[in-house]
Protein chains: 2
Amino acid sequence: MAADLRRPERTFSIRQLCNEFKATPRALRFYEDKGLLTPAREGLNRVYSHKDRVRLQLILRGKRVGLSLSEIRELLDLYDENDDGAAQMARSLKKFRERASALEQQREDIDGALIELREACDRLEKRLAEIRPDLLPRSADYEQLLRARLDGHADMALGK
Amino acid sequence: MAADLRRPERTFSIRQLCNEFKATPRALRFYEDKGLLTPAREGLNRVYSHKDRVRLQLILRGKRVGLSLSEIRELLDLYDENDDGAAQMARSLKKFRERASALEQQREDIDGALIELREACDRLEKRLAEIRPDLLPRSADYEQLLRARLDGHADMALGK
DNA sequence: GTCAACGCTTACGTAAACGTCAACCTTGAC
DNA sequence: GTCAAGGTTGACGTTTACGTAAGCGTTGAC
């Protein structure tokens, strides 16, 4: 009567999925609360099917790429409501592309911040080198060290 | 008795600073609440000095590079408490460098997410092209279009 | 029989950085 | 007199993704 544990009929406990994907029970219940998962029940206990497991994987992937849970839910819903896989795929594709441009934008923002930070660092380093060179924290910028040595750019340390 | 409006003795109203830096009064009051600003008072009204203005600039710069308000406050406090500019600068420098590595890490995370997203997009595009090519949303990737035209890489569109 | 391990539900707490009222004062223009 | 403009102080609301109890039931080991 008992199904083979390795077959697709296999089910999972909340803990098993948590261990496998390094999530917490709280998180899975939260996803359920938000309508992202709807595991079966055995009495009170949640019983996750292979389909549920796949959904969880998709949820976690969505999170890794920075989608919000509600966005993930939209995508997931598409896969359920509709038999026509193509339309869903098209929408997912659109969503993914949008997310990709958002991420690219974020990267540019970060690059901007990095530029501003490096300018500030440079200014601080120069001033410190003038007045209290002993306080200069050892640079975290190995590249600069390397280049200075390889190219003999001693002037960099001299403030030219 | 009134000081020249262009001199360093000049003061600013909350609105003036808000307009200049595109912030909201609520924000400035919030910063004050958090101990980042301590403008003088004229009766109840806040009166911002040049020093306050500079602090605000530093706050906003800090935000642009992704520092939290509490981190910004730490840095700001250093500039006040201590007469010895060098030690503060050294600490700021350290903080900035830390932030820079954090940002670099973030960038790598984003790159990872982008890779995952692009793989997902590619898979979706291929499947869609097979089953419902008409549903393929026009690509958002202008570069690809441009390169394809300039280089005559028609094969890109052929899935070669 | 009782303790630990696991599960359940309900529900408040958290962090960040303000937004958004509400209710009130003051000053100048008309 | 009164209306608008701009200021003030609370203080609650928002968002996201859970963390963290509190209190209770079930099951297996010993």
Side-chain angles (χ1 to χ4, degrees), chain A residues 2 11-49 52 55-76 95 99 102-103 106 109 113, chain B residues 2 11-49 52-53 55-76 99 102-103 106 109 113:
Chain A
T11 60
F12 308 85
S13 74
I14 194 171
R15 191 57 57 119
Q16 285 173 326
L17 288 187
C18 285
N19 289 339
E20 183 174 355
F21 296 113
K22 308 206 167 267
T24 67
R26 180 69 181 93
L28 297 216
R29 295 190 195 112
F30 184 73
Y31 300 152
E32 187 175 342
D33 239 47
K34 295 290 167 179
L36 293 155
L37 286 175
T38 40
R41 296 296 180 118
E42 214 171 65
L44 283 180
N45 290 14
R46 289 165 175 82
V47 179
Y48 295 87
S49 68
D52 294 321
R55 284 177 76 92
L56 179 54
Q57 279 182 316
L58 291 174
I59 292 168
L60 297 177
R61 160 180 291 179
K63 290 202 56 185
R64 281 199 302 278
V65 302
L67 294 176
S68 73
L69 291 187
S70 62
E71 288 175 308
I72 294 171
R73 191 164 73 100
E74 289 173 31
L75 293 181
L76 252 31
K95 195 71 162 179
R99 181 91 267 266
L103 282 180
Q106 264 192 53
D109 293 346
Chain B
T11 60
F12 308 84
S13 75
I14 194 171
R15 190 58 55 119
Q16 287 173 326
L17 288 187
C18 286
N19 289 339
E20 183 175 356
F21 297 113
K22 305 197 169 276
T24 68
R26 181 69 182 93
L28 297 214
R29 295 189 195 111
F30 184 73
Y31 299 153
E32 185 174 342
D33 240 47
K34 295 289 169 180
L36 293 154
L37 285 174
T38 41
R41 295 297 180 117
E42 214 171 64
L44 283 181
N45 291 15
R46 289 166 174 81
V47 178
Y48 296 87
S49 68
D52 293 322
R53 207 184 81 117
R55 284 176 76 91
L56 179 55
Q57 280 182 316
L58 292 174
I59 291 168
L60 297 178
R61 159 178 292 177
K63 289 201 58 184
R64 281 200 302 279
V65 302
L67 293 176
S68 73
L69 291 188
S70 63
E71 289 175 309
I72 294 171
R73 192 164 72 99
E74 289 173 31
L75 291 181
L76 252 30
R99 182 91 267 267
L103 282 179
Q106 265 192 53
D109 292 347

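Chain identifiers are assigned alphabetically (A, B, ...) following the order of the sequence lines, protein sequences preceding nucleic acid strands; residue numbering begins at 1 within each chain.
The nearest whole Å value for the distance from the CD atom in B:E42 to the P atom in C:dT27 is 11 Å. In this structure, A:I14 places its CD1 atom 5 Å from P of C:dC8, rounding to the nearest Å. In this entry the distance linking CD1 of A:I59 with P of D:dT16 reads 16 Å, nearest Å. Across the protein-nucleic acid pair, B:F12 atom CZ and D:dG6 atom C1' stand 18 Å apart, rounded to whole Å. Protein atom CZ of B:F30 is 5 Å distant from nucleotide atom C1' of C:dA17, rounded to whole Å. Note: CG (B:L56) to C1' (C:dA17) measures 15 Å, nearest angstrom. Between A:Y31 atom OH and D:dG19 atom C1' the separation is 13 Å, expressed in whole Å.
Across the interface with DNA chain C, nearest-nucleotide mapping of A:N45 and A:R26 shows A:N45 to be the residue nearer the 5′ end.
The phosphate of C:dG19 (OP1 or OP2) has a side-chain N or O of B:T24 nearer than 4.0 angstrom. Remark: B:K34 is not in phosphate contact with C:dA15, judged by side-chain N or O atoms under 4.0 Å from OP1 or OP2. When the side-chain nitrogen and oxygen atoms of A:R46 are compared with OP1 and OP2 of C:dG7, none of them lie within a distance under 4.0 Å. Put simply, A:R41 has a side-chain N or O that comes within less than 4.0 Å of OP1 or OP2 on C:dT9.
Across all strands shown, B:R29 has heavy atoms under 4.0 Å from base atoms, whether or not it also approaches the sugar-phosphate. Within the 4.0 angstrom heavy-atom criterion, only backbone atoms of the sugar-phosphate kind lie near B:S68; the bases stay farther away.
Between B:E32 and B:R46 a salt bridge is recorded (basic side-chain N to carboxylate O distance below 4.0 Å).
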